[in-house]
Amino acid sequence: MTTITAIAPDEKAAAKAPLNRALIDLSPNGRGRVVAMRQRIRFWGGWTLRVGVPMLLIVFWQLALNWHWTSEDTLPSPKTIVEAYKYLWGNGSLQDAIPVSLRRAGEGLLLGGSAGLVIGIFAGLWKLGEEIFDATLQMLRTVPFIALVPLFVTWFGIEEPSKLALITAAALFPLYLNTFHAVKGVDQKLIEAGKTFGLTGFQIARRIIFPTALPGILTGLRFACSFSLLSLVLAEQVNATAGIGYLIINAQNNQRPDIVIAGIWIYAVLGILIDFFMRGVERLALPWRARVGIG
Amino acid sequence: MSASVDAPENATVDGVSTVDGVATADRAAATLDGFPAPAEPAHGVGNTDEVRGAAEAGYVVEALGVRRVFNGRAVLDGVDLRLRKGNFVALLGPSGTGKTTLLRILGGLDTADAGRVIVPRVRSTVFQEPRLIPAQRVWRNVVLGARRPRAARRRATDALAEVGIAGHANAWPRTLSGGEAQRVALARALVTEPDLLLLDEPFAALDALTRIRMHDLLAALCARHEPAVVLVTHDVDEAILLADRVLVLSGGAIALDQAVDIDKPRNRDDPRFLALRATLLEQLGVARTVGGGSTEVAASGHHPVDRNPTTDLH
Ligand SMILES: Nc1ncnc2c1ncn2[C@@H]1O[C@H](COP(=O)(O)OP(=O)(O)OP(=O)(O)O)[C@@H](O)[C@H]1O
Ligand SMILES: [Mg+2]
């Protein structure tokens, strides 16, 4: 009896185990299906996490105050911050500050971004361009741009020019690097195909290289956007006389943590808007790309 | 068929012996280097004696004594090939004998180290893989070589209709099946109405059924457009079915140049077909003969080379 029961499960297991290991149910309602599950996880996971986590944080924040873990003087409640926005809007400083900051970031992004794009294309397409720019830029890239603040202040003073220079430098590198790699990385076989049809260098660049490199270039643009926002925050810490940074510094001097946090939120919202915008751009500009991910 | 084409042995006597290798290499480079410069003159009105000579003799392709060395090893060593308008040659040979290298030289993607290479200005290539631009719609891919692609949209749709996939004109290449993508590549190669069509194992990745369809399609399109065609293939049946001449590349040179004197449409059961297949397989070092189906040349390392095969044939 005991011998039989000892052997039987073993036999069963031997017969079963390879089956369990080898088979997977991919039918629409099966447990192993990949796509449907992933889509569902992505959808629910995406939305619950995206909306839920910030909500939870705000609730926790309010609770922390209610339970007196911290005081209004250190961490003003979400309600107080909404009041701060009302106050800032009422005296017009919000309407003044946001365009000033956006302009700074936008100008720097435009300057640095287009320089990075042009140099990246030049270096990607021509050996000469690569030799002139790549080594130098790769070297400069290793310098954290935060370290450039004192240098730019001594060069350009503490007024607008040094802010613009910092944002420009911050936007240039990501766009350069990504453009250069995207252009260089275009499949040589496609370029050969173009050559056999007698395309000129310019036509190959326009018809084959740029469209194929666009995903990489857009990634660079996305990075350039976030970097220019980052450097905007940094630049505005130094002697700002206008802009969101000025609001924050001013509030800090006046012991108004609610306004400080309100200012930080604006930066955060700008970041989210940039991300949203870039997603839209990518969707529009790259209709040919399969949206395949690993989860 | 072979009457219109000089046998390579004759060509060697005619031209190459009188031409200094290095000097012609420079001239050959001049013929191909300007590629894809638009200012390059159309074939037949070339600026060198060699180009003029080839054009006057009625050749669209004149490759003589072509040599290509990779890492000290001469992969091509004295390849001679002359083609007239409408000639369809199949190029066979074991793997690694330099078929692709020769095609790349004729296509202007690579430059010979020595020899003369005169080719038409308008030529196109179908590679083993479709090589479509993923970021361009199918019809834009077809008119890749057009000066103004938007204006050529009509031609693109016509060409796609010719290869039987007009419905996919607006699709992205990613969404095509392998056979469809290869047909787009064929349409792209033919839409420029090339004087020389280079095909590097274009159907190797296709299933047998699609391959048969593509054979018919290619034969029909070539009959209509009459380009000179060089088809590289490992499929002996494919070569005999389509080509007017079958060349075997071996030991860096054309080891066999065999005219195919079988009336079209050709039947695989035709005794002449079978005889020719046996000859070619023997030449390629494959002893067995497979009945029916297509016979692929095994990529074996051992292949006896007969450098003077004409004595064996007929
Ligand atoms: N760019 C290159 N650099 C070095 N060696 C090369 C290069 N291109 C080709 N070769 C060599 O030349 C030889 C011929 O290559 P090729 O691609 O022309 O062969 P093939 O006849 O087309 O073979 P297959 O039938 O397998 O396609 C090979 O041995 C290959 O290693
Ligand atoms: Mg090859």
Side-chain angles (χ1 to χ4, degrees), chain A residues 35 117 120-121 124-128 178-222 278 280-294, chain B residues 32-40 42 100 103-104 106-110 119-138 140-150 170-175 184-185 188-200:
Chain A
V35 177
L117 185 70
I121 289 171
L125 288 180
W126 286 285
K127 194 89 198 126
L128 180 73
N178 283 281
T179 305
F180 175 67
H181 280 123
V183 168
K184 261 211 109 162
V186 170
D187 190 352
Q188 204 58 36
K189 289 181 165 183
L190 295 182
I191 296 171
E192 270 189 356
K195 277 186 187 168
T196 62
F197 292 107
L199 294 189
T200 61
F202 178 74
Q203 284 170 327
I204 288 176
R206 228 189 82 118
R207 294 182 194 177
I208 300 176
I209 296 178
F210 293 139
T212 317
L214 195 57
I217 296 176
L218 288 180
T219 306
L221 184 58
R222 187 192 272 256
M278 284 309 299
V281 168
E282 279 174 15
R283 211 163 269 255
L284 280 179
L286 311 170
W288 50 277
R289 283 230 296 190
R291 270 179 263 286
V292 188
I294 50 161
Chain B
L32 283 173
D33 246 355
F35 181 90
E40 203 180 19
T100 298
L103 227 57
R104 288 174 59 83
L106 295 177
L109 295 174
D110 195 4
V119 293
R121 188 175 57 86
V122 185
R123 51 198 188 276
S124 50
T125 308
V126 180
F127 302 93
Q128 186 167 347
E129 68 283 14
R131 300 203 185 179
L132 304 178
I133 317 300
Q136 303 267 25
R137 288 185 192 273
V138 163
R140 287 292 290 251
N141 265 287
V142 171
V143 287
L144 183 67
R147 201 158 294 160
R148 286 164 51 235
R150 272 179 202 289
N170 257 323
W172 297 109
R174 169 176 62 83
T175 65
V184 174
R188 178 174 68 176
L190 285 165
V191 81
T192 53
E193 294 182 355
D195 296 312
L196 174 61
L197 179 60
L198 301 165
L199 307 167
D200 194 355

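Every chain is numbered from 1 and lettered A, B, ... according to where its sequence line falls, protein lines coming before strand lines.
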Selection from [options] maximising heavy-atom pairs under 4.5 Å formed with chain A:
options	result
B:Ala185, B:Pro173, B:Pro134	B:Pro134
B:Leu144, B:Thr125, B:Val126	B:Leu144
B:Ala171, B:Pro194, B:Ala146	B:Ala146

Only one of A:Leu125, A:Ile209, A:Ile204 passes side-chain contact (heavy atoms from CB on, under 4.5 Å) with A:Val186, and that residue is A:Ile209
Sub-4.5 Å side-chain heavy-atom contact between B:Val138 and B:Asn141
no
So salt bridge (Lys or Arg N to Asp or Glu O under 4.0 Å) across residues 209-219 of chain A, not counting sequence neighbours, yields none
So, the part of B:Val143 with a heavy atom under 4.5 Å from chain A: the answer is backbone
Cut-off 4.5 Å, heavy atoms of chain A, and the answer for B:Leu198 is neither
Original post:
Would you say the side chains of A:Asn178 and A:Thr219 form a donor-acceptor pair under 3.5 Å?
Top reply: no
Those residues at least two apart in sequence (or on a different chain) that pass salt bridge (Lys or Arg N to Asp or Glu O under 4.0 Å) with B:Arg104 are A:Glu192
